[in-house]
Amino acid sequence: MWLNIYKSILKNKWLILSCLIIAVYLMPYYLLGEETHIRVHDNLDSNIVWYKLLAESGQIFASPGSTLPNVINGLPRSALSSSMDLMVWLYVWFEPFTAYTMNQTIMRFAAFFGMYALLNFLFREKGDFDLPRVKWISAGVSLGYALLPFWPSGALSIAGLPLALLAFLKVRKHGKRTPVGYWFIIGLLPFHSSLILTFIFFLGLMGILWLFDWIKTKQMNLLFLTAIISMGMIYLGKNYLLLAGMFMEDTFTPHRVSFDLGHKSFGDTLQLFSKNFIWGHTHDISLHQKVILPTVIIAFLIAFYKKITFHSLAFVMTLNMLLSFWYALWYWEGWRLIKDQWMLLNAFNFSRIHFLSPLLWYLAFAFALIILVKQIRWGIAVAVVLIGIQISLLFQLNEETKYKETGTPTFEEFYSEDLFRDIKSYVGKAPSEYRVVSVGMHPTIAQYNGMYTLDTYNVTIPLSYKRQFREIIAPELEKNPRLRNYFDGWGSRLYMYVADLGKDYMFSKNSTQVIKQLEINTKILEEMGGDYVISALPIANHRHIGLELEKAFENDRSPLKIYLYKVNP
């Protein structure tokens with residue numbers, strides 16, 4: 001028995017080693033709990049709270065026309081996730097940080113096993129699988145992919161792409177002989193991933209592949225087409241709220257129709273293309289510039305010199321460049337005329353196709369390593385070193401390590417529940433009986449702690465409310481053109497902007513900064529239902545603008561000092 005176990009371990013040593021490394025990567029979430037440092041941008045400041053609000057609202061299955069009273073006097077239900085989204089149910093079943101940890105775990109292992117199986121499949125197709133110990137290349141590259149700093153709320157939108165591609169390639173090749181497990185992948189992935197983030201583009205590319213096959217072979221491959229249509233229909237069913245809001249109900253006009261993005265000259269567009277191709281985007285970081293890109297370039301040079309074919313590598317890199325170019329081109333000023341005429345083009349971000357880039361970079365890395373191993377004398381040693389360096393670089397992007405070094409607060413510190421419990425106790429009323437706005441801090445902190453806010457950060461906000469809210473902060477926007485353009489041209493962050501603070505929304509109690517001359521319309525604030533202003537910084541001229549300082553709150557466990565002002569214009 002022990003001999004069999006030993007043989008099994010030896011046979012799967014690269015898988016076991018990779019899983020152990022992933023487990024170590026995930027360990028801070030399990031050991032530190034809410035004392036873990038995690039990403040703030042588009043995470044602590046938004047998505048985590050959106051899931052928590054919906055999970056606690058009792059309106060998971062509410063109609064698209066219903067609203068959640070906690071936010072902006074009635075946030076449309078359609079602005080939040082579908083009832084068929086697994087992420088929502090993780091927040092229903094577990095505490096927020098536990099749900100966050102479980103999602104991180106799902107992403108990492110799905111990314112690893114999906115990429116590992118995909119690479120093995122592609123190597124077999126290319127005839128490279130007979131290379132000695134080639135599985136370690138699959139395992140090493142897949143481990144790198146699994147350790148990417150995936151945007152947490154994207155779930156399997158990027159992390160699950162290798163699984164999806166493998167499933168579709170299996171159906172494309174085997175047809176009726178495709179194992180049922182791959183059909184399960186196609187059917188289940190939509191419930192923990194996003195159509196509008198990545199899979200609308202992925203399915204579009206699969207459709208192009210199907211069309212290419214049809215033209216080339218004169219055969220339709222109906223099962224492959226069925227797989228594409230089936231996943232698309234599941235996504236449409238899951239996103240019933242979005243569809244109802246767009247086509248079936250006229251309950252409100254979203255602020256997205258007023259987007260005014262994309263005014264870059266063609267020269268600036270080319271610079272953005274270069275920046276994205278080399279460095280990536282905050283939501284799809286692949287950390288390819290230091291190891292993977294040079295490896296790919298060297299592999300190309302070797303292939304040219306030795307006159308060997310490299311179709312797979314060339315195809316993947318060409319597609320990668322096209323995705324980055326399209327991303328940059330979407331912000332070219334030449335599109336504005338068309339965007340202004342077509343609401344869909346203005347409201348939907350078609351540049352997000354670049355979120356497919358991490359998958360392409362790691363496929364390119366694997367193909368390039370194969371060339372090195374086959375064509376240079378010390379190829380195996382070189383490949384081992386390159387994989388090792390890449391994994392070490394990625395390991396440093398572990399959330400606990402990265403955000404502790406940058407000085408951002410932990411999960412517990414960011415939301416400061418004890419501190420806000422004291423504030424709510426001082427106010428002495430049920431949170432539903434008063435409304436607050438936040439200055440110098442993210443409004444989602446108050447939302448997380450059960451307060452009802454007039455300010456927010458959401459992907460969809462009624463345009464009429466945005467325009468009304470703008471009247472409160474108009475004097476501050478006029479003092480800072482960058483903030484004014486940011487709010488008017490985008491405006492998903494409906495914040496109490498302060499001209500002197502810009503886009504800085506995080507101040508600790510150790511800060512010596514004071515808001516000397518805040519200019520807001522407190523009369524409009526009161527008319528909209530505003531009762532209190534909670535500020536992370538003292539407001540020197542509060543009396544002159546109709547604010548009364550009630551009390552300053554702080555404790556040893558929170559990095560914040562909150563000044564509570566009563567609105568009294």
Side-chain angles (χ1 to χ4, degrees), residues 42-43 46-107 110 151-160 164 184-200 202-203 229-252 254-256 347-348 352 432 444 447-448 450 452-453 456-462 492:
D42 282 351
N43 195 37
S46 49
N47 296 78
I48 289 174
V49 180
W50 300 346
Y51 292 123
K52 181 178 185 290
L53 284 178
L54 183 55
E56 296 174 350
S57 69
Q59 297 194 58
I60 294 177
F61 297 103
S63 64
S66 60
T67 60
L68 278 71
N70 313 59
V71 183
I72 64 170
N73 288 327
L75 180 69
R77 171 64 185 88
S78 57
L80 298 177
S81 295
S82 164
S83 61
M84 291 188 279
D85 192 329
L86 176 61
M87 190 79 83
V88 172
W89 290 100
L90 289 178
Y91 280 77
V92 171
W93 297 327
F94 305 101
E95 291 297 314
F97 191 79
T98 303
Y100 185 84
T101 299
M102 294 184 71
N103 177 57
Q104 284 282 354
T105 305
I106 293 169
M107 284 196 301
W151 176 48
S153 292
L156 297 182
S157 299
I158 296 176
F184 273 109
I185 291 172
I186 291 169
L188 294 178
L189 263 177
F191 297 104
H192 199 50
S193 60
S194 171
L195 174 66
I196 62 175
L197 193 68
T198 55
F199 273 89
I200 188 171
F202 174 84
L203 290 174
I229 294 173
S230 296
M231 179 176 267
M233 294 301 293
I234 293 171
Y235 269 117
L236 291 178
K238 175 196 170 186
N239 289 280
Y240 66 93
L241 288 170
L242 178 64
L243 295 177
M246 290 177 61
F247 303 113
M248 301 177 189
E249 296 193 20
D250 190 23
T251 54
F252 72 99
H255 79 293
R256 301 180 71 87
F348 185 79
R352 284 176 175 160
S432 60
T444 45
Q447 292 171 6
Y448 186 94
Y452 285 50
T453 72
T456 194
Y457 173 20
N458 283 101
V459 295
T460 301
I461 301 164
S492 293

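For the numbers below, each heavy atom of this structure counts, side chains included, while hydrogens, waters and symmetry mates do not.
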query: Does Met84 offer a backbone N or O that forms a donor-acceptor pair with the side chain of Trp89 under 3.5 Å?
result: no
| task | Tell me, yes or no, whether the heavy-atom count around Glu56 atom CD, taken from other residues, nucleotides or ligands under 6.0 Å, exceeds 12. | result | yes
Smallest heavy-atom separation, Arg256 atom then Val459 atom, equals NH1-O, 3.0 Å
Q) Is the side chain of Thr198 donor-acceptor paired with the backbone N or O of Ser157 at a distance under 3.5 Å, no angle test? A) yes
Going by the angle between their ring planes, with limits at 30° and 60°, are Trp50 and Tyr457 parallel, tilted or perpendicular?
perpendicular
Correct closest heavy-atom pair for Gln104 and Pro152 would be NE2-CG, 3.9 Å
Checklist entry - Do side-chain atoms of His192 reach the backbone of Leu156 as a donor and acceptor pair under 3.5 angstrom? => result no
Exactly one candidate in Leu54, Thr98, Ile48 meets side chain to side chain contact (heavy atoms under 4.5 Å, CB included) with Tyr91; the answer is Ile48
| message | Using side-chain heavy atoms (C-beta onward) and a distance below 4.5 Å, is Phe191 in contact with Ser82? | response | no
To the nearest 0.5 Å, atom CG of Leu80 lies from atom CG of Asn47 at 10.0 Å
Interatomic distance, CD1@Ile158 vs CZ@Phe202, rounded to 0.5 Å, equals 13.0 Å
d(Tyr51 OH, Leu90 CG) to nearest 0.5 Å is 9.5 Å
Main chain of Ile60, side chain of Arg77: is a donor-acceptor contact present, judged purely on distance under 3.5 Å?
yes
Rounded to the nearest 0.5 Å, the CZ atom of Phe94 sits from the OG1 atom of Thr101 at a distance of 11.0 Å
Checking the side chain of Lys52 only, and the main-chain atoms of Tyr448 only, is there a donor and an acceptor separated by less than 3.5 Å? yes
The reported gap from CG in Asn458 to CD1 in Ile461 (rounded to nearest 0.5 angstrom) is 5.5 Å
For Tyr452 and Pro69, the nearest pair of non-hydrogen atoms, with its separation, is CD2-O, 3.3 Å
Rounded to the nearest 0.5 angstrom, the OG-CE distance for Ser194 and Met87 is 10.5 Å
Smallest heavy-atom separation, Ile186 atom then Met231 atom, equals O-CE, 3.4 Å
Requested in this report: Would you indicate whether the side-chain heavy atoms of Gln447 and Thr456 approach each other to under 4.5 Å?
Outcome: yes
Taking every heavy atom of Tyr100 against every heavy atom of Asn43, the minimum-distance pair comes out as OH-ND2, 3.1 Å
Nearest heavy-atom contact between Ser81 and Val88 is CB-CG2, 3.5 Å
